[in-house]
Amino acid sequence: MPRRKKCRNLQGPPGCNSFKPKGIPGKFLKKVIISLDEYESIRLADYDNLDHEGAAVKLGVSRSVFTRLVDTARKKVAVALIEGCELSIEGGEYHFQKKYFRCMQCYRISETGIDNNDLTDCPYCGSYNMHNLNTDFGLKGQCRRHGY
Ligand SMILES: [Zn+2]
């Protein structure tokens with residue numbers, strides 16, 4: 001039996017879970033899926049400009065695993081960009097450090113500690129229409145090993 005992949009530490013969920021070319025219905029588009037750990041590798045290497053050594057530590061994987069992840073992620077993003085595909089972010093082995101909520105009234109994102117109760121009202125506008133972003137990406141935002 002293959003060894004179970006270690007779940008990876010994510011700083012936070014993407015601002016949205018899907019990108020698609022404007023004006024073309026989804027049913028006509030090829031879909032490219034990147035996992036959340038692949039997404040996080042792009043954040044660490046290309047957005048935060050960390051070297052692979054430091055990024056691997058942050059993600060909780062070895063350097064060689066990190067390099068493979070970020071290469072795969074970049075390739076998938078390139079395919080989506082060049083071929084005009086829908087790019088969807090979902091699945092993977094991961095757990096979040098915090099809980100993230102988007103207010104469906106003012107669309108701001110708020111966070112709480114992972115062990116805290118869910119946010120029921122928006123700290124900015126007071127709306128009670130809060131959406132848990134951790135549940136948007138497959139596995140319901142939960143790491144099976146850590147239980148959240
Ligand atoms: Zn709000």
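Numbering of residues begins at 1 and proceeds along the displayed sequence.
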side-chain contact (heavy atoms from CB on, under 4.5 Å) against [X], all qualifying residues, sequence neighbours excluded:
X	answer
Leu50	Leu44, Asp48, Ala55, Lys58
Leu29	Lys20, Pro21, Ile24, Glu86
Glu111	Lys98, Tyr100
Phe19	Cys16, Leu87, Ile89

Closest non-hydrogen atom pair, [X] against [Y]:
X	Y	result
Ala56	Phe66	CB-CB, 3.8 Å
Asp37	Gly92	OD1-CA, 3.9 Å
Pro25	Gly23	CD-O, 3.9 Å
Phe101	Thr112	CE1-OG1, 4.0 Å
Asn134	Pro13	OD1-CG, 4.4 Å

Mind checking whether Met130 and Asp118 have side chains closer than 4.5 Å, heavy atoms only?
no
Answer yes or no: is there a side-chain heavy-atom contact under 4.5 Å between Leu69 and Leu59?
yes
Hey, what do you get for OG (Ser41) to CZ (Arg8), rounding to the nearest 0.5 Å?
9.5 Å
Once rounded to the nearest 0.5 Å, what's the spacing between atom SG of Cys122 and atom CZ of Arg108?
7.0 Å
Using modelled atom types only, decide if a donor and an acceptor are shared between the side chain of Arg102 and the backbone of Tyr107 within a distance under 3.5 Å.
yes
Within residues 111-135 or reaching into it, pairs that qualify as ring pair (Phe, Tyr, Trp, His ring centres under 6.0 Å) - sequence neighbours excluded
none
By salt bridge (charged side-chain N to carboxylate O under 4.0 Å, His left out), Arg43 pairs with (sequence neighbours left out) Glu40
Hydrophobic clusters join Ile, Leu, Val, Met, Phe, Trp and Tyr when side-chain heavy atoms are under 4.5 Å apart, directly or via other members; which others share one with [X]?
X	value
Val57	none
Ile33	none
Ile82	none
Tyr47	none

Do any pairs count as a side chain to side chain donor-acceptor pair (under 3.5 Å) and have a residue in residues 69-84, sequence neighbours left out, and if so which ones?
Lys30-Glu83, Glu38-Lys76, Asp46-Arg74
Would you list the pairs meeting side chain to side chain donor-acceptor pair (under 3.5 Å) in which at least one residue belongs to residues 61-70, sequence neighbours left out?
His52-Thr67, Ser62-Ser64
Determine, using the 4.5 Å side-chain heavy-atom cutoff (strictly less than), whether Ile42 and Leu10 are members of one ILVMFWY cluster.
yes
